[in-house]
Asker: 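Sharing a structure below in structure tokens format, with a few things to ask.
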There are 2 protein chains.
Amino acid sequence: MLSKKTKYGIKALTYLAKTNKECPVQISEIAENENISVKFLERILLELRKAGVLDSKKGKGGGYFLARQPKDILMTDIIRTLEGPIAMVPCVSLNFYKKCDDCPDETVCAVNKLMIQVRDSSLAVFRNNSLEDLIRS
Amino acid sequence: MLSKKTKYGIKALTYLAKTNKECPVQISEIAENENISVKFLERILLELRKAGVLDSKKGKGGGYFLARQPKDILMTDIIRTLEGPIAMVPCVSLNFYKKCDDCPDETVCAVNKLMIQVRDSSLAVFRNNSLEDLIRS
DNA sequence: ACAAATCCTACTCACATTGTAGGAAACAAA
DNA sequence: TTTGTTTCCTACAATGTGAGTAGGATTTGT
Ligand code: FES
Ligand code: FES
């Protein structure tokens with residue numbers, strides 16, 4: 001199940017991409033338009049900024065704005081930042097690999113082989129969708 | 001993240017498919033060979049039986065066995081039984097559809113459109129893999 | 001009758017998710 | 001330089017979910 005955090009993050013980013021403003025957009029504006037708790041969204045946008053997807057400006061007239069062009073922000077970036085691994089088991093994760101404690105040998109593990117296929121197919125979708133693709137469709 | 005329940009379920013089923021015995025196999029035997037808590041596995045196999053994937057025999061000499069041929073047991077059956085929806089958001093689930101409470105209109109929701117693609121690609125993998133495919137690879 | 005196995009419900013415990021509180025730091029404008 | 005506005009950051013609370021356990025009821029072969 002997709003976490004609310006990731007869901008809210010995607011919605012906030014699409015909001016920023018759609019309302020293609022020059023000036024920074026405040027958290028409260030995004031939260032209001034997308035029905036998200038202000039304080040929760042605040043933390044989410046902070047994570048996205050630290051990941052280099054967003055940039056921000058403090059003080060009066062401040063707010064958030066995209067750090068790159070929408071076409072250069074891939075879903076893989078967003079998902080990995082907010083949701084974590086794309087793979088369903090740690091042993092097939094490209095960016096968050098970890099051995100499965102309960103499988104003696106992953107080269108003969110049926111779950112491993114199945115989940116590699118699932119990872120690849122999901123990854124293809126996320127890689128193939130930029131923020132621009134999302135607001136176009 | 002794939003739950004332990006589903007992971008254990010798949011492993012138990014592949015064990016049954018591999019050790020292609022005539023007689024029923026006891027929970028304790030599967031649990032021991034696959035490093036699974038006996039009582040936890042007991043509940044899992046019960047769910048699979050209720051879903052029609054497994055069948056069982058009680059009393060002495062009893063145990064579990066596949067209800068169908070391995071090639072006729074698809075991953076979609078197993079995942080939906082143990083893990084629940086394949087989709088990452090309820091609004092794109094084929095078998096467990098539910099409206100998203102926080103999205104006013106799913107026809108204009110970017111998350112919805114993205115997750116439909118993810119669902120379709122995952123579904124293709126699960127539909128394309130039977131229990132027989134898993135033990136062959 | 002007895003032993004061996006599944007069946008079934010309820011319970012506990014640990015952890016993650018979701019959301020909130022409250023202030024510190026930066027910035028612009030008066 | 002003061003004031004108000006905004007992001008920044010940490011800690012906390014409430015809730016929900018996952019994982020595993022306990023204990024007995026039921027069925028079945030010998
Ligand atoms: S090795 Fe990771 S699922 Fe078996
Ligand atoms: S309608 Fe389900 S994610 Fe927006």
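In what follows, every chain begins at residue 1, and chains take the letters A, B, ... in the order their sequences are listed. Note: hydrogens, waters and symmetry copies are ignored here, and every other heavy atom, side chains too, is used. Here the structure is a predicted model, which means the values were calculated and not measured.
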Asker: Scan B:Leu45 against the nucleic acid and name what it touches under 4.0 Å (heavy atoms): base, sugar-phosphate only, or nothing.
Answerer: nothing
Asker: Rounding to an integer number of Å, can you tell me how far B:Leu2 CG sits from D:dG18 C1'?
Answerer: 12 Å
Asker: Write down the distance between CD (B:Glu47) and C1' (C:dC8), rounded to a whole number of angstrom.
Answerer: 12 Å
Asker: Could you state the atom-to-atom distance from CG of B:Leu46 to P of D:dT26 in whole Å?
Answerer: 15 Å
Asker: Do A:Tyr8 and A:Leu82 have side chains that get closer than 4.5 Å, going by heavy atoms?
Answerer: no
Asker: Have a look at B:Arg49 and say if it touches a base, only the backbone sugar-phosphate, or nothing, with a 4.0 Å heavy-atom cut-off.
Answerer: sugar-phosphate
Asker: Between B:Ser37 and D:dA19, is there a side-chain N or O to OP1/OP2 distance below 4.0 Å?
Answerer: no
Asker: Given D:dG20, D:dC8, D:dT28, identify the nucleotide with an atom nearest to the side chain of B:Tyr8.
Answerer: D:dG20
Asker: Side chain to side chain contact (heavy atoms under 4.5 Å, CB included) for B:Asp77 and B:Arg68? Distances and angles first, verdict last.
Answerer: CA-CA 12 Å; B:Asp77 302 330; B:Arg68 306 191 290 277; 3.2 Å; yes
Asker: Atom NZ of B:Lys50 to atom C1' of C:dC7: distance rounded to whole Å?
Answerer: 8 Å
Asker: Quick one: do the B:Glu83 and B:Ser3 side chains pair a donor with an acceptor below 3.5 Å?
Answerer: yes
Asker: Would you indicate what B:Lys7 reaches in the nucleic acid, counting non-hydrogen atoms under 4.0 angstrom: base, sugar-phosphate, or nothing?
Answerer: nothing
Asker: For A:Lys39, answer base if it contacts any base atom (sugar-phosphate contacts may also be present), sugar-phosphate if it contacts only those atoms, and nothing otherwise; contact means non-hydrogen atoms under 4.0 Å.
Answerer: base
Asker: Write down the distance between CG (B:Leu41) and C1' (C:dA5), rounded to a whole number of angstrom.
Answerer: 14 Å
Asker: How many Å lie between NZ on B:Lys57 and P on D:dT28, as a whole number?
Answerer: 8 Å
Asker: Which nucleotide, C:dT20, D:dT21, D:dT26, lies nearest any side-chain atom of B:Arg43?
Answerer: D:dT21
Asker: Closer than 4.0 Å, any side-chain N/O of B:Ser3 to the OP1 or OP2 of D:dT17?
Answerer: no
Asker: Please determine whether a side-chain nitrogen or oxygen atom of A:Ser56 lies at a distance below 4.0 Å from atom OP1 or OP2 of D:dC8.
Answerer: yes
Asker: How close do A:Leu16 and A:Tyr64 get, heavy atom to heavy atom, and via which atoms?
Answerer: CD2-O, 3.8 Å
Asker: Considering heavy-atom distances to DNA chain C, does B:Ile27 or A:Lys4 have its closest nucleotide positioned more toward the 5' end?
Answerer: B:Ile27
Asker: What is the distance, to the nearest angstrom, from the CD atom on A:Glu42 to the P atom on D:dT10?
Answerer: 13 Å
Asker: Looking only at side-chain N and O atoms, does A:Ser28 come under 4.0 Å of OP1 or OP2 in D:dT6?
Answerer: no
Asker: Rounded off to whole Å, could you give me the CZ-to-C1' distance for the B:Phe40 and C:dC13 pair?
Answerer: 14 Å
Asker: With heavy-atom distances below 4.5 Å as the criterion, would you say the side chains of A:Thr14 and A:Leu131 are in contact?
Answerer: yes
